[in-house]
**Student:** 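What follows is a single structure, and I will ask about it in a moment.
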Amino acid sequence: MLDRKYILANVEEVKTNCVNRGVQCDVDKLVDLETERKEKDLQSQEFNRLANEISKKIGKADPSERETLKEEARSYREKKEAAAKTCDELDAAVHELQLRIPNLSHPDAPIGKDDKDNLEISRGAHLPREFDFKVEDHVEIGERLDLIDFEGGARTTGSGFYFLKNDAVLLDMALQQYAVTQLVKRGFIPMTTPDLAHEDILEGIGFNPRGNETQVYSVENSNLCLVGTAEITLGGLYAKQTFDSEELPVKLCGVSHCFRTEAGAAGRASKGLYRVHQFTKIEMFAYTLPDQSDAVHEELRQIECELFDALEIPYRVVDTSTGDLGGPAFRKYDLEAWMPGRGDAGEWGEVTSTSNCTDYQARRLESRYKVKGEKGTNFVHTLNGTAIACSRAIIAILENNQQADGSIAIPAALHPFMGKDKIAAK
RNA sequence: GGAGAGAUGGCAGAGUGGUCGAAUGCGCCGGUUUGCUAAAUCGGUGAAGGUGUCACAACUUUCCACGGGUUCGAAUCCCGUUCUCUCCGCCA
């Protein structure tokens, strides 16, 4: 959410940004309604002040005058109520419009319509392999080596769910251990997090928990939703809290399950583990001062690169175009891993994503910081980044590391956690 | 799940329906004093919004868990919710 004052003071910039983001917002209407709201707010305050003034007199007043004064105060209160009611209605309307306005965009973010306009900025340390045998995709590998049971998932829970089996379980857990270990080394506080969260937290982070297009599962007869990422809970953790500026940046590493309905995704490339309704993810999250967020964003990107380099997975990094940023991100980098089994001859597939959301989420969630000795508080900046999304990392490892003999080589970084250096052929 | 107690400023802890944004203590910031430190002493010290100012200042509204209600007026009275603590039960 953008600051209303900022919107009013920078109407043209905000409008242009909406166009670049490909989002339809009625900025003019917001400006009109907000202007009107401020007037009503002023009126309401003035009536309230007058009423308070009289009320204060009543206690000391001569009993004979009390009834008159009471009547006077009552009439002011009524006027105040009327103005306040209008003000509240306008406020709700403004808020609705305000929520739809996306964050501003980093000046260096490529301007474009969708993911085709994303700008490749670098490649990982490892190049895609040349295979001298026929490559299998991860679904075929998973079946041949008895690693993944999609049919069982569909039977018990539905299409898009799966059981991991045998060495895939060890691999899944090794990836988690590896990621957490690496992040702890880099000063992140490890946390396991709730897999459900209140709707208002989802909204604060920028998810829409309701509606046909929602990506979110919600629990009946409650205001709880299954989280789509630990970003939600880690971001909600400090809602309505105030940091001391000295303790920032705070860097957290969250382990959670992620649940996504993938509504509207039917028909998109979604074979096997690529687009599933549940997976496990190690997420990085940071709260920073405004002037730290750019640097921390680069740091998160760097960590993602290091993790995937250590996993020996070929990838490229893209700077996400304005049209593909989503609402809360000011700038976003994606790592796309090479997946030899995708498409006809392999394709890049998104495995991580890191966003600098500046104060967009913090404003909704009311996460602030205070500088010692300075008056008042400001909103923090929030950033998030995927360390490892297990399902997609597993795809990349199975497909890139398949061997001519049918086995799967396990990257050296995972040996200590996996307890073996390969998944043997059957 | 049952019974009871509670929720007040950074913390601890008062609070009679009007003089309470809230005593007092601690902490914190600044001054004085003092070889240094400590102690003593004086002053200041919450947040969000609005009007206003070049910027201050000044003024003002709201906030004593949250949401309602009573009242001219609520931290204080009434109702609901949430959370915390203690005891009992159950349980991984």
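Quick note: numbers below take in every heavy atom, side chains included, and nothing from hydrogens, waters or symmetry partners. Order of the sequence lines fixes the chain letters, A, B, ..., with proteins taken first and strands second; residue numbering starts at 1 for each chain. Everything quoted here is computed from the prediction, not taken from an experiment.
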**Student:** Report the residue (A:Lys57 or A:Lys5) whose heavy-atom-nearest nucleotide on RNA chain B is the more 5′ of the two.
**Tutor:**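 The 5'-side residue here is A:Lys57.
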**Student:** Rounded to the Å, how far apart are A:Glu246 CD and B:rC28 C1'?
**Tutor:** 12 Å
**Student:** Considering only atom P, compute the distance from B:rC64 to B:rU76 and round it to an integer number of Å.
**Tutor:** 8 Å
**Student:** With pairs defined as Watson-Crick or G-U wobble and both distances under 3.5 angstrom, please note down RNA chain B as a dot-bracket string, | for pairing with another strand.
**Tutor:** ((((((((.[[[..)..(.....]]]((((((.......))))))((((((......)))))).[[[[[..)....]]]]])))))))....
**Student:** Rounded to whole angstrom, note down the C1' distance from B:rA7 over to B:rC11.
**Tutor:** 15 Å
**Student:** Taking the P atom of each, how far is B:rU81 from B:rA22, in whole Å?
**Tutor:** 33 Å
**Student:** Output yes when A:Asp137 and A:Arg342 qualify as a salt bridge under the 4.0 Å nitrogen-oxygen rule, no when they do not.
**Tutor:**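 Salt bridge between A:Asp137 and A:Arg342, a charged N being under 4.0 Å from a carboxylate O: no.
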**Student:** What distance, rounded to whole Å, do you find between the two C1' atoms, one in B:rA23 and one in B:rC78?
**Tutor:**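 Looking at atom C1' only, B:rA23 and B:rC78 are 27 Å apart.
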**Student:** Could you tell me how far apart A:Leu224 (CG) and B:rU82 (P) are, to the nearest whole angstrom?
**Tutor:** 13 Å
**Student:** Assign a letter to each nucleotide of nucleotides 54-74 of chain B from its 5' end: B, base within under 4.0 Å of a protein heavy atom; S, sugar-phosphate only; -, no contact.
**Tutor:** ------SSS---------BS-
**Student:** For A:Asp41 and B:rG49, give me the distance from atom CG to atom P, rounded to whole Å.
**Tutor:**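 From A:Asp41 CG to B:rG49 P: 12 Å.
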**Student:** When you measure from the side chain of A:Tyr162 to the backbone of A:Gln278, do you find a donor-acceptor pair of N or O atoms at a distance under 3.5 Å?
**Tutor:** yes
**Student:** Between A:Glu36 and A:Lys40, is the closest basic N to carboxylate O distance under 4.0 Å?
**Tutor:**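 Salt bridge between A:Lys40 and A:Glu36, a charged N being under 4.0 Å from a carboxylate O: no.
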**Student:** Base, sugar-phosphate, or nothing for A:Lys370, non-hydrogen atoms under 4.0 angstrom?
**Tutor:** sugar-phosphate
**Student:** Quick check: A:Phe161 with A:Phe163 (ring centres under 6.0 Å apart)?
**Tutor:**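 No: the rings miss the under 6.0 Å criterion.
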**Student:** Write down the distance separating the P atoms in B:rA75 and B:rU61, rounded off to the nearest Å.
**Tutor:**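 Each nucleotide's P atom is 14 Å from the other's.
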**Student:** Ignoring hydrogens and geometry, is there a side-chain-to-backbone donor-acceptor pair from A:His381 to A:Cys357 under 3.5 Å?
**Tutor:** no
**Student:** When the P atoms of B:rG30 and B:rG18 are considered, how many whole Å apart are they?
**Tutor:**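 Approximately 39 Å lies between the P atom of B:rG30 and that of B:rG18.
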**Student:** Please report the distance, rounded to the nearest Å, between CG in A:Asp359 and P in B:rA48.
**Tutor:**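 Result: 15 Å.
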**Student:** I'd like to know if A:Lys15 and A:Asp26 make a salt bridge, using a cut-off of under 4.0 Å between side-chain N and carboxylate O.
**Tutor:**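 No, A:Lys15 and A:Asp26 are not salt-bridged.
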**Student:** Output the rounded distance in Å from CD (A:Glu39) to P (B:rU51).
**Tutor:** 11 Å
**Student:** Within the structure, does a side-chain N or O atom of A:Lys240 lie under 4.0 Å from either OP1 or OP2 of B:rA47?
**Tutor:** no
**Student:** Could you measure between the two C1' atoms, the one in B:rG17 and the one in B:rG69, and give it in whole Å?
**Tutor:**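 It works out to 15 Å between them.
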**Student:** With sequence neighbours left out, which residue pairs that include part of residues 360-370 of chain A fulfil the salt bridge (charged side-chain N to carboxylate O under 4.0 Å, His left out) condition?
**Tutor:**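 Sorted pair list: A:Asp359-A:Arg363, A:Glu366-A:Arg368.
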**Student:** Closer than 4.0 angstrom, basic N to acidic O: yes or no for A:Glu34 and A:Arg37?
**Tutor:**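 Salt bridge present between A:Glu34 and A:Arg37.
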**Student:** Measure the distance from CD on A:Glu247 to P on B:rG10 and round it to the nearest whole Å.
**Tutor:** 14 Å
**Student:** With a 6.0 Å cut-off on ring centres, are A:Phe330 and A:Tyr360 close enough?
**Tutor:** no
**Student:** For A:Gln182 and A:Arg186, test the side chains for any donor-to-acceptor distance below 3.5 angstrom and give the result as yes or no.
**Tutor:** yes
**Student:** Rounding to the closest angstrom, what is the interatomic distance between B:rC26 and B:rU70 at atom C1'?
**Tutor:**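 It comes out at 39 Å once rounded to the nearest Å.
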